[in-house]
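Along the sequence shown, the residues carry numbers beginning at 1. Not measured: the values here are computed from a predicted model. The figures here come from the full heavy-atom set of this structure, side chains too, leaving out hydrogens, waters and symmetry mates. First listed ligand is number 1; within each ligand, the first listed atom is number 1.
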Amino acid sequence: MTTTQAYPIGTPGQKWGEQEKATWRQAQVKKRSYQQEVVAKLEGLSDTFTLVQYGQLDYQEGVYPLYAVKSRQWDENKPTVLVTGGVHGYETSGVQGALRFILTAAEQYSEQVNLVVAPCVSPWGYETINRWNPFAIDPNRSFYADSPAGESAALMALVAELKVKLIAHIDLHETTDTDNSEFRPALAARDNVIQTNWNIPDGFYLVGDSENPCDELQTAIINAVSKVTHIAPADDQGCLIGAPISQFGVINYPTKKLGLCTGFSDATFNTTTEVYPDSPLVDNENCILAQVAVVTSALDYILAQ
Ligand SMILES: [Zn+2]
């Protein structure tokens, strides 16, 4: 076991204060356009769906309207499914996979379910390729009441306004090589903790909720995704990212306790995807298709129950 490398911001032995967080924020630069790569694609939406703005993030770097796609014909008697992408903005295929699902696959489910898709929960993170928001806060540890992350608070408000018990919530993520080279060292520096480095899993895996593991759903998704991309094998200790697998390609986390996105929504079925984009066996398109396969196979499984 090795510990993560030193991070260039901060003083060893001390947590970051406001000054270190400001230094970190200043070092971030816009690398791609939320408007061009996300918002513009939503113009291709079919009449089956409607675009809603559920919030806005006013940052000194810019103003970010937050968008979700909803079924136009909302029917209280149908089950409601939530799909979220870009809670971690740098995890590209989560955003592009959610968009691809909306534009190519969602239509076929519109008769049976109400759909709500928030494709890019963290647009500043998407543009700057970051895990945190500008205040060095991880939105995916911030899904709880009075959240310090505007990204998380806005999504929770959107879901609360639906006033329904969700049948499913699927949250689309990636695990990348930069988790070990950048984001975990930054976290260790910010909080003055020692991080044990783990091996980045080589392939796709799922994170279920230890309090609501939905084992059969996870199996159905793993089977479907294995036709698109390779599933990550467990390490020598039978773990993925330090957690013991519950079945091939699946670990469980206490999502509520950790403030994870699938924890707040209290859906009957939930899962979080982890696509691995840095494998030589995959490309951007394959990663997007893996995310779409997750959503469609989850819907197929749930509708067959
Ligand atoms: Zn993530």
Next item on the list: Kindly determine whether Leu299 and Val81 satisfy side chain to side chain contact (heavy atoms under 4.5 Å, CB included), including the steps that lead there.
Entry: CA-CA 8 Å; Leu299 284 164; Val81 173; 3.7 Å; yes

Checklist line | Within 6.0 Å of NZ in Lys15, more than 12 heavy atoms from elsewhere | finding: no

Next item on the list: Can you spot which of Ser152, Cys261, Cys120 makes a side chain to side chain contact (heavy atoms under 4.5 Å, CB included) with Val87?
Entry: Cys261

Notebook entry, point to check: Taking the six-membered ring for Trp, are His173 and His88 parallel (under 30°), tilted (30 to 60°) or perpendicular (over 60°)?
Noted result: perpendicular

Notebook entry, point to check: When you check the space around the Zn ion (ligand 1), which protein N, O or S atoms turn up under 2.8 Å?
Noted result: His88 ND1, Glu91 OE1, Glu91 OE2, His173 ND1

Item checked: Carboxylate-amine/guanidinium contact Asp266 Lys256, below 4.0 Å -> yes

Next item on the list: Answer yes or no on whether Arg25 is positioned over the face of Trp132, meaning its NZ or CZ is under 6.0 Å from the six-membered ring centre and within 45° of the axis.
Entry: no

